[in-house]
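A short write-up of the structure that comes next.
Order of listing sets the numbers, starting from 1, for every ligand and every atom in it. On a predicted model such as this, the values are computed, not experimentally measured, just so you know.
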Amino acid sequence: MLILALESSCDETSAAVVDMERDSKKILSNIVASQIEIHRRWGGVVPEIAGRAHIEAVSGITHEALDSAGAKLKDIGAIAVTNSPGLIGALLVGMNFAKSLAYSHDIPLVPVNHIKAHGAAAYLEYPDLKPPFLALIVSGGHTCFYEVKDYTDWQYLAGTRDDAAGEAFDKVGRVIGCPYPAGAEMDKLASLGDPAAITLPSPALHGTLDLSFSGLKTASLNYLHNLAQKGVEVNREDMAASLTAAICGGISEKASAALEKTGAKTLVLAGGVAANSHLRRSLGELCSKKGVDFCVPSMSLCGDNGAMIGAQGYYEFLSGVRAGTDLNASAN
Ligand code: KG4
Ligand code: ZN
């Protein structure tokens with residue numbers, strides 16, 4: 001069946017058409033209109049500006065997604081839309097547009113959770129992937145482990161108690177002059193630096209599977225402020241490499257413990273920070289050591305996109321999930 005999917009939870013407006021069957025999953029189109037350039041001058045996402053930019057983009061990119069898929073609305077079996085979590089004003093734009101299309105063309109409307117959708121991106125590229133598995137979603141707002149019992153049954157296992165890993169990359173990257181969002185640039189800088197150059201606290205908490213990135217973020221920012229006060233120029237590559245080593249080390253330690261605790265045979269890594277080459281490598285190595293299958297979407301499916309919403313939307317549709325015109329958004 002063809003699913004038209006819409007995503008507008010943060011700073012990317014995206015529309016996609018995916019062709020989903022039990023044995024075959026194809027992305028027919030996946031159009032992403034990024035607002036990064038708009039928010040860059042503010043150093044982060046400005047929620048009201050995000051909502052306004054979504055409203056300008058949503059209709060055009062939906063037409064583009066249908067056209068490049070060679071599909072018409074009459075071919076669409078369901079419309080999937082992100083309704084949580086995210087910025088309320090941003091979510092409402094995609095949702096309201098999806099509701100109107102669904103209502104006016106009598107197409108079933110399926111609400112989708114953005115976090116589950118990040119994980120579902122993996123189904124699009126690993127045809128044999130099936131629950132149960134352990135999912136690790138690492139993004140600008142989330143760093144969490146879930147036991148995925150079934151396609152729609154995700155149980156929270158552990159995660160950060162404060163900031164997300166992406167936020168640590170973005171905030172520290174900003175101070176060393178990386179444009180927003182800093183993750184991709186920090187990834188490149190880290191490859192050129194010495195991961196042992198700066199001693200930073202581990203984000204892995206003792207006696208629990210949970211993580212905490214706020215101490216690591218503060219320690220990194222303090223280190224940078226101290227250097228600035230002394231008039232010493234920071235080695236950006238070493239800063240990026242040391243922060244990356246702390247983040248990857250902490251996440252890998254907890255991933256190892258989570259795999260042991262759950263006995264999972266597959267680890268799915270997804271979310272914007274799953275694009276990080278160092279994290280992909282350390283978790284890949286961990287899984288091969290443990291004899292666990294490792295699934296991570298390709299780079300273009302790690303960041304926010306409509307295809308992942310369509311993938312999760314398909315399984316929500318199969319399990320009978322439908323929304324009416326009273327569907328609301330939820331920030332958390
Ligand atoms: O999933 P996503 O696109 O949006 C949210 O749902 O949050 O994730 C965005 C986050 C940002 O913090 C960005 O800096 C980070 O993903 N990111 C990366 C890389 N590419 C994007 N972080 C580290 N390394 C990367 N290569
Ligand atoms: Zn996301």
Decide yes or no for R236 and E185: does some side-chain heavy atom of the first lie under 4.5 Å from some side-chain heavy atom of the second? yes
Under 3.5 Å, is there a donor on one side chain and an acceptor on the other for S214 and D163? no
I'd like to know if A184 contacts ligand 1, where contact means a heavy-atom distance under 4.0 Å to any ligand atom. yes
Just checking, is any N or O donor in the side chain of T82 or E7 under 3.5 Å from an acceptor N or O on the other one? yes
Side chain to side chain donor-acceptor pair (under 3.5 Å) between E253 and S202, intermediate numbers included: CA-CA 10 Å; E253 182 183 325; S202 166; 4.5 Å; no
Just jot down the ligand 1 atoms closer than 4.0 angstrom to any heavy atom of G303, in number order. 3 (O)
Those atoms of ligand 1 less than 4.0 Å from some heavy atom in G141: 7 (O)
Would you check if there is a donor-acceptor pair between the side chains of H54 and S8 at a distance under 3.5 Å? no
For atom 15 (C) of ligand 1, what is the nearest protein heavy atom, given as residue, atom name and distance? V273 CG2, 3.8 Å
Please classify the D187 to ligand 1 contact at 4.0 Å (heavy-atom distances, strictly less than): side chain, backbone, both or neither. side chain
With a cut-off of 4.0 Å, which atoms of ligand 1 are near a heavy atom of H118? 1 (O), 6 (O)
among protein heavy atoms, the one nearest atom 22 (N) of ligand 1 is G183 CA, 3.4 Å
C10 side chain near D304 side chain, heavy-atom distance below 4.5 Å: yes
Give the residue, atom name and distance (to 0.1 Å) of the protein heavy atom nearest atom 11 (C) of ligand 1. D170 OD2, 3.5 Å
Counting non-hydrogen protein atoms only, what is the nearest one to atom 21 (C) of ligand 1? Give residue, atom name and distance. G272 O, 3.4 Å
Numbering the atoms of ligand 1 from 1, which are under 4.0 Å from a heavy atom of G166? 12 (O)
Atom indices of ligand 1 within 4.0 angstrom of G140 heavy atoms, with elements: 5 (C), 7 (O), 8 (O), 9 (C), 10 (C), 12 (O)
N113 and Q312, any side-chain heavy atoms less than 4.5 Å apart: no
Check whether any side-chain heavy atom of I198 sits under 4.5 Å from a side-chain heavy atom of Y223, and report yes or no. yes
I need the protein N, O or S atoms closer than 2.8 Å to the Zn ion (ligand 2), given as residue plus atom name. H114 NE2, H118 NE2, D304 OD1
Looking at NZ of K254 and CD1 of I251, how far apart are the two atoms once the value is rounded to the nearest 0.5 Å? 12.0 Å
Strictly under 4.0 Å, does any heavy atom of H142 approach an atom of ligand 1? no
Might you work through the ring pair (Phe, Tyr, Trp, His ring centres under 6.0 Å) test for Y314 and Y123, ending with a clear yes or no? CA-CA 11 Å; Y314 170 67; Y123 300 132; 9.4 Å; no
Looking only at protein heavy atoms, identify the closest one to atom 24 (N) of ligand 1 and say how far it is in Å. N276 ND2, 2.9 Å
I need the contact type for M186 against ligand 1. Using non-hydrogen atoms and a strict under-4.0 Å cut-off, is it side chain, backbone, both or neither? neither
Which residue and heavy atom of the protein sit nearest atom 2 (P) of ligand 1, plus the separation: D304 OD1, 3.4 Å
With a 4.0 Å cut-off on N to O distance, would you call R52 and E48 a salt bridge? yes
Determine, using the 4.5 Å side-chain heavy-atom cutoff (strictly less than), whether L205 and L216 are members of one ILVMFWY cluster. no
Could you go through the side chain to side chain donor-acceptor pair (under 3.5 Å) check for N305 and S14 one step at a time? CA-CA 5 Å; N305 68 89; S14 183; 5.7 Å; no
